[in-house]
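Please read the structure below before turning to the comments.
Everything numeric in this text was worked out from a predicted model, so none of it was measured. Here is the naming used below: chain letters follow the sequence lines, and residue numbers restart at 1 for every chain.
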Amino acid sequence: NAGVMQNPRHLVRRRGQEARLRCSPMKGHSHVYWYRQLPEEGLKFMVYLQKENIIDESGMPKERFSAEFPKEGPSILRIQQVVRGDSAAYFCASSLNSDQPQHFGDGTRLSIL
Amino acid sequence: GESVGLHLPTLSVQEGDNSIINCAYSNSASDYFIWYKQESGKGPQFIIDIRSNMDKRQGQRVTVLLNKTVKHLSLQIAATQPGDSAVYFCADNARGNKLVFGAGTILRVKS
């Protein structure tokens, strides 16, 4: 009964390093979404991907952030040259198709030293 | 601008009572709404959804009501239990596939 799997659960990086966050969608789901959550706030949309395609990246900063969802393997959210302001919980969701509910993983908590 | 917001940041209820969590949205184009429950250290858990062609939808112990006239939806939890304690978010699809989340309501259940 595998739901959306994210790893690592916790990630610590120093300023200037790279962070790579992984997300395996639910079985059969080909739509993946990444959201970011700051403490005591709601989730904010970052990017929406289908297999090998970025559909909407309007919520993702233009610099340092990138996302991919290759034909094989998990979706990756990559943050280059991290800064303190990147500290947050990053959640991945998947859906069967675009008008079905999005189901979330338990997130990656990114801390920047 | 479009927004999804909650009227009450914290709701305390007695175990066994019914809970009502409210949410307002501003975009008339929103046609799909979801309620999520988030426990500490976990991701949002899908509770129930409703589309704009419906006014009410029921699940197990939960009911969502949608009032399109005043752009308001609510989540009703019957016979609230300690395990219901969490943060509850409403979300809508005002931006297509991108869900717009409200700030959240903390539900505290007193035994």
Side-chain angles (χ1 to χ4, degrees), chain A residues 1-10 21 23-26 29-50 53-60 67 69 88-109 111, chain B residues 1-10 21 23-27 29-54 57 59 62 64 75 86-108:
Chain A
N1 185 22
V4 177
M5 302 301 291
Q6 290 189 248
N7 68 82
R9 290 297 311 278
H10 301 274
L21 288 61
C23 169
S24 296
M26 287 180 69
H29 288 193
S30 60
H31 299 249
V32 166
Y33 314 80
W34 285 92
Y35 292 81
R36 170 184 157 125
Q37 184 178 35
L38 294 174
E40 299 186 3
E41 291 188 8
L43 282 69
K44 298 286 195 290
F45 169 83
M46 297 182 72
V47 61
Y48 164 37
L49 311 101
Q50 291 181 37
N53 291 305
I54 295 175
I55 307 303
D56 185 339
E57 56 182 349
S58 60
M60 199 158 65
F69 188 17
Y90 292 84
F91 289 96
C92 171
S94 72
S95 65
L96 189 59
N97 53 48
S98 60
D99 67 348
Q100 292 296 310
Q102 296 178 24
H103 295 271
F104 285 81
D106 282 336
T108 293
R109 275 124 188 104
S111 298
Chain B
E2 57 197 37
S3 66
V4 178
L6 298 172
H7 295 303
L8 298 172
T10 304
I21 302 172
C23 181
Y25 64 96
S26 59
N27 194 320
S30 300
D31 61 3
Y32 179 56
F33 305 87
I34 308 178
W35 280 100
Y36 287 96
K37 170 187 179 184
Q38 187 175 26
E39 296 174 282
S40 180
K42 294 191 175 181
Q45 176 188 352
F46 172 83
I47 301 174
I48 192 168
D49 60 357
I50 188 169
R51 298 190 187 273
S52 59
N53 60 351
M54 302 175 69
R57 192 163 186 221
V62 296
V64 55
L75 177 70
V87 180
Y88 288 80
F89 294 96
C90 62
D92 78 290
N93 72 338
R95 297 179 186 168
N97 298 112
K98 299 172 276 193
L99 291 179
V100 176
F101 280 79
T105 292
I106 299 170
L107 176 64
R108 292 201 177 104

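For a residue to count as touching a neighbouring chain, one of its non-hydrogen atoms must lie under 4.5 Å from one of that chain's; by this rule A:Gln6 does not touch chain B. No part of B:Gln45 comes within reach of chain A, as not one of its non-hydrogen atoms sits under 4.5 angstrom from that chain. Contact annotation for A:Ser58: only side-chain heavy atoms (C-beta onward) come within less than 4.5 Å of a heavy atom of chain B.
Of the possible donor and acceptor atoms, one in the side chain of A:Asp106 sits under 3.5 Å from a partner among the backbone N and O of B:Gly43. A:Arg9 places a side-chain N or O within 3.5 Å of a backbone atom of A:Gly107 that can act as its donor or acceptor partner. Put simply, the side chain of B:Asp31 never gets that close to the backbone of B:Asn93: no donor and acceptor are under 3.5 Å apart. Within the 3.5 Å criterion, the main-chain N or O of B:Leu99 finds no donor-acceptor partner in the side chain of A:Tyr33.
For chain B, the option among A:His103, A:Lys44, A:Gln102 with the highest count of heavy-atom pairs below 4.5 Å is A:Gln102.
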